[in-house]
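Each remark here refers to the structure printed beneath this line.
Bear in mind that the values here come from a model prediction, so they are computed numbers and not experimental data. First the proteins, then the strands, lettered A, B, ... as listed; each starts at 1.
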Amino acid sequence: MHDIRMVRDAAESLRAGMRRRGKADTLGPLVERAIALESERRSAIQATEEKKAARNAASQEVAKRKKAGQAADDLLASARALGDEITALEQRQHAAQSELDEILIGLPNIPLDDVPDGDESANVVLRTWGTPRAAESVTPHWDVGERLNLFDLARAAKISGSGFIVYRGAGARLQRALISFMLDLHTQQHGYEEAWVPLFVNRESMLATGQLPKFEEDMYALRDDPLFAIPTAEVPITNLLRDELLDNARLPLAMTAHSACFRREAGAAGKDTRGLLRVHQFDKVELVRWVAPEESAAQHELLTGHAETVLQQLDLPYRVVLLAAGDTGFASAKTYDLEVFAPGVGKWLEVSSCSNFTDFQARRANIRFRAAAGEKPRFVHTINGSGLALPRVVAAILEHHQRPDGTIAVPTALQPYFGAASIG
RNA sequence: GGACAGGUGGCUGAGUGGUUGAAGGCACCGGUCUCGAAAACCGGCGUACCCGUAAGGGUAUCGUGAGUUCGAAUCUCACCCUGUCCGCCA
């Protein structure tokens, strides 16, 4: 959500932001409408408050007269008339306000200056770590999984439907090992506090982090309760501090959580859906930081580094992609995708999306801080990223660490958690 | 799910329908005192919005939303949340 003052005083940068996302056609008119509504809202407020001030003065005078034992019938009549005018003006104000709110809650964040313009084709590969393995002689993970009995997608489809996973045996253990490894890394080396959070959250939480109102069809909703299954632990973690004023808080605050994530993937049918690549339920370790505005760019780099460390310790080649404005998520001002190379699939797989949301989520969620006593509260900046999403990491391990004899080498850092050096 | 009790500022805790933005306490900030600190004492101290270059003025805000009233933290209704007890389940 944008500062209402932006609509008034910096409308051009708002227009430019929508343009850079390639949404000038659809969102441009909304911006113009918002500007008109804001001026309407303000004139209504002015008129309303003037009348209210008059009514308050009259009321005080009534009190005074009653105390003195005098009659106040004339005042009562005029105050009653004022009340009617106020009601009408308030209706005008509320109408403008609610239409304005609806527009503002639906406008995406403004990309930072160093984000390239354009759509997905303008994404920039910033760096690559490790050496992608040649695709020949590497079996895709779905074949490996079947041969080594690591997961059972057919039975998962039977009990739930396509797009669900059943891990078993070493496959189940591998995922559990990865979760423990990642959580330990982030809590012990990177300074995150571990959390365990609800998998179902209310509408307010989804609005605060930006999943709603635009992406309702992407989420699972419960039938009998007004709750949504979380698409990422970002939602419950960020909302931990919703409507809070962090007084004397020493920022940054950093939290990590492992959770299941649920995505309907509506409209994604048929696209990279084989094996573990795109599923309705998956596990993920999430990283969230609440930071001071002036630090958010540096903190974004820091968090991205924390996610990269996971891939480095798992000895998996990856690249860091800076997303172009048109490919950057609704709430994000700048996003780095981490893509691991899976030689069996022959593709770079997104395993983490590290975003700087600036004050966009904080304003929606009303998360403020006071840097020092006596200072005005300000909105924090929020930053988050996966560290990492599990199924694609599993896929990459099964492919990149595949030996000629068909067994899988378990990365050294993972061996204490997995309990063996090899699968198969 | 049922019955009670309760939701007031960063925290705690008073509050009779009429200078209550809201006593007191804690925390915090400034000052006096001190070599320095602590203690004590004095003063200050919510948030958001509107008008204004500013000084300043105004409006709203006591869980949320409606209502009664000239006027609501205070009265009415609905909803949400918390606590306790009962029931149910693990």
Side-chain angles (χ1 to χ4, degrees), chain A residues 1-10 34-105 196-208 212 222-228 236 239-251 253 290 292 359 362-380:
Chain A
M1 177 122 84
H2 301 288
D3 191 343
I4 191 98
R5 272 170 296 220
M6 183 161 229
V7 172
R8 193 156 74 226
D9 304 330
I35 292 166
L37 284 166
E38 161 59 8
S39 124
E40 158 71 7
R41 183 188 74 102
R42 250 189 318 159
S43 77
I45 285 178
Q46 271 177 53
T48 309
E49 292 191 345
E50 225 168 85
K51 300 287 183 194
K52 281 185 176 174
R55 186 185 60 184
N56 286 350
S59 289
Q60 301 236 352
E61 185 59 28
V62 170
K64 222 177 267 174
R65 285 208 206 165
K66 292 216 163 168
K67 209 172 245 172
Q70 302 169 335
D73 294 351
D74 54 328
L75 280 174
L76 293 184
S78 67
R80 206 171 292 129
L82 276 172
D84 292 341
E85 292 182 66
I86 289 167
T87 305
L89 284 167
E90 275 180 337
Q91 264 165 19
R92 232 180 86 195
Q93 182 189 332
H94 288 148
Q97 181 79 60
S98 64
E99 191 186 343
L100 182 57
D101 285 346
E102 202 174 310
I103 290 175
L104 288 182
I105 203 82
W196 185 90
V197 294
L199 300 181
F200 302 109
V201 301
N202 56 32
R203 184 168 285 273
E204 289 71 35
S205 296
M206 287 295 195
L207 273 168
L212 289 179
L222 297 194
R223 191 194 60 194
D224 293 331
D225 292 293
L227 295 172
F228 297 90
N239 275 282
L240 278 173
L241 298 182
R242 172 150 56 86
D243 290 323
E244 294 195 28
L245 171 57
L246 310 174
D247 216 3
N248 303 314
R250 61 282 164 248
L251 298 176
L253 300 173
W290 296 263
D359 62 0
R363 182 169 280 113
R364 288 169 164 248
N366 188 29
I367 304 172
R368 296 170 302 161
F369 77 108
R370 204 195 303 271
E375 272 190 28
K376 280 258 165 200
R378 289 187 291 156
F379 289 110
V380 300

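In this structure, B:A3 forms a base pair with B:U84, meeting either the Watson-Crick or the G-U wobble geometry with both donor-acceptor distances under 3.5 Å. Remark: B:U69 base-pairs with no nucleotide in the shown strands. Criterion, Watson-Crick or G-U wobble with two distances under 3.5 Å. Base pairing of B:A90 is not made with any nucleotide, judged by Watson-Crick or G-U wobble geometry with both donor-acceptor distances under 3.5 Å.
For the pair A:F379 CZ and B:U47 P, the interatomic distance rounds to 13 Å; values are reported in whole Å. Taking atom CD1 on A:I367 and atom P on B:U47, their separation rounds to 18 Å, with Å as the unit. The interatomic distance linking A:L89 (CG) with B:C50 (P) rounds to 17 Å, in whole Å. Nucleotide B:C70 holds its C1' atom 8 Å from the NZ atom of A:K66, rounded to whole Å.
For B:G18, its base never sits under 3.5 Å from the side chain of A:Q60 at any donor and acceptor pair.
Residue A:R41 has a polar side-chain atom (N or O) positioned under 4.0 Å from OP1 or OP2 of B:C50. Within the structure, a side-chain polar atom (N or O) of A:N56 is placed less than 4.0 Å from OP1 or OP2 of B:U59. OP1 or OP2 of B:C70 has not a single side-chain nitrogen or oxygen of A:R55 nearer than 4.0 Å.
Considering only side-chain atoms of A:P377, the nucleotide from B:U47, B:C51, B:U59 that sits closest is B:U47. Checking B:A48, B:C49, B:C70 against every side-chain atom of A:R368, the shortest atom distance belongs to B:A48.
Without hydrogens or angle criteria, A:R378 side chain to A:R368 main chain gives no donor-acceptor distance under 3.5 Å.
No more than 12 heavy-atom neighbours from other residues, nucleotides or ligands sit within 6.0 angstrom of CD on A:E102.
Within 4.0 Å of A:Q46, counting heavy atoms only, lie sugar-phosphate atoms of the nucleic acid but no base atom.
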